[in-house]
Novice: 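Handing you this structure, nothing more for now.
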Amino acid sequence: MQWTLVVPLKPLAQAKTRLADTADDGLRPDLALAFAQDTVAAALACPAVRDVAVVTDDARAGRELAALGAAIIPDEPGSGLNAALAHAAGAVRAARPESPVAALNADLPALRPPELARVLDAAAEFPRAFLPDAAAIGTTLLAATPGRQLFPAFGIDSRARHRTSGAVELSLASVDSVRQDVDTGDDLRTALALGVGPHTAAAAARLLIPGQ
């Protein structure tokens, strides 16, 4: 089974505000883009992934991620993350009704293709499944197999919300790179310790992070 991944990305100027203690206003958009570039590049290198569709209205991000091979879908209907993901999943299914679809966070700069493949292979066993983030509060991946709707419920406490919605929580060891999203400076330090992709490494080199 080969998956289409839907990756949401808000306008770069509005992204990663919780990194304010680590990166200033001039660097945060670059970091957000770098995270997305490394996430998309790793996803496209995963043998379980057929293609990647990025949901964004940011022109710069659209150009850079399209150059990596991602399709770009406008952020419609403009009413939040979950509505955008549902719209994008619908667009994918309109073109390929039998495609398995998964929503993947755009801030997984340490993502490893083999680990992503393990998660997607596990998700293929269930109609809907999700992977909690490293903090065990949020969600980094939500998957729906052919014929099933995604029903995204990202946001505060999305782990509990996805579980309540009937999605199966995946309990997998050694997939840290798929769970480690980056919202805070501590998250970034953890991702750097795991080993990030080249775009994030270059952007992070402009920061003064103790222990880096």
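Bear in mind the structure is a predicted one, so any value in this text is a computation, not a measurement. Hydrogens, waters and symmetry mates play no part in the numbers below; they use all other heavy atoms, side chains included.
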Novice: Is the closest basic N to carboxylate O distance between Arg60 and Asp30 below 4.0 Å?
Specialist: yes

Novice: Looking only at heavy atoms, which two atoms of Glu98 and Pro146 are closest? And how far apart?
Specialist: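 Smallest heavy-atom distance, with atoms named: O-CG, 3.2 Å.
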
Novice: Kindly say whether Pro132 contributes a backbone atom to a donor-acceptor pair with the side chain of Arg179 at under 3.5 angstrom?
Specialist: yes

Novice: Tell me every residue that passes side chain to side chain contact (heavy atoms under 4.5 Å, CB included) with Ala13, counting only those two or more places apart in sequence or in another chain.
Specialist: none

Novice: Which atom pair, heavy atoms only, marks the closest approach of Val92 to Ser99?
Specialist: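 For Val92 versus Ser99, the nearest heavy atoms are CG1-OG, 4.2 Å.
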
Novice: Report, one line per pair, each donor and acceptor closer than 3.5 Å where one atom sits in a side chain of residues 149-157; sequence neighbours left out.
Specialist:
none

Novice: Among side-chain atoms of Asp187 and Thr190, is any donor-acceptor pair under 3.5 angstrom?
Specialist: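 Their side chains do not contain a donor-acceptor pair, so the 3.5 Å distance test is not met.
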
Novice: Evaluate Asp107 against Asp183 for side chain to side chain contact (heavy atoms under 4.5 Å, CB included), listing each step before the verdict.
Specialist: CA-CA 8 Å; Asp107 58 353; Asp183 289 316; 3.6 Å; yes

Novice: Please list all pairs meeting side-chain hydrogen bond (donor to acceptor under 3.5 Å, both in side chains) that have one or both residues in residues 117-137, counting only residues at least two apart or in different chains.
Specialist: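 Qualifying pairs: Arg128-Ser165.
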
Novice: We want to know whether Thr140 and Asn105 form a side-chain donor-acceptor pair, criterion being a heavy-atom distance below 3.5 angstrom.
Specialist: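 No donor-acceptor contact under 3.5 Å links the two side chains.
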
Novice: If you measure from the Lys or Arg side-chain nitrogens to the Asp or Glu carboxylate oxygens, is any gap between Arg189 and Asp186 under 4.0 Å?
Specialist: yes

Novice: How close do Leu111 and Ala43 get, heavy atom to heavy atom, and via which atoms?
Specialist: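 Closest heavy-atom pair between Leu111 and Ala43: CD2-N, 4.1 Å.
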
Novice: Taking all heavy atoms of Gln37 and all of Leu68, pick out the closest pair and write down the distance.
Specialist: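 Of all heavy-atom pairs spanning Gln37 and Leu68, the closest is O-CD1, 3.5 Å.
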
Novice: Do you know which two heavy atoms are closest between Thr4 and Arg96, and how far apart they sit?
Specialist: OG1-NH2, 2.5 Å

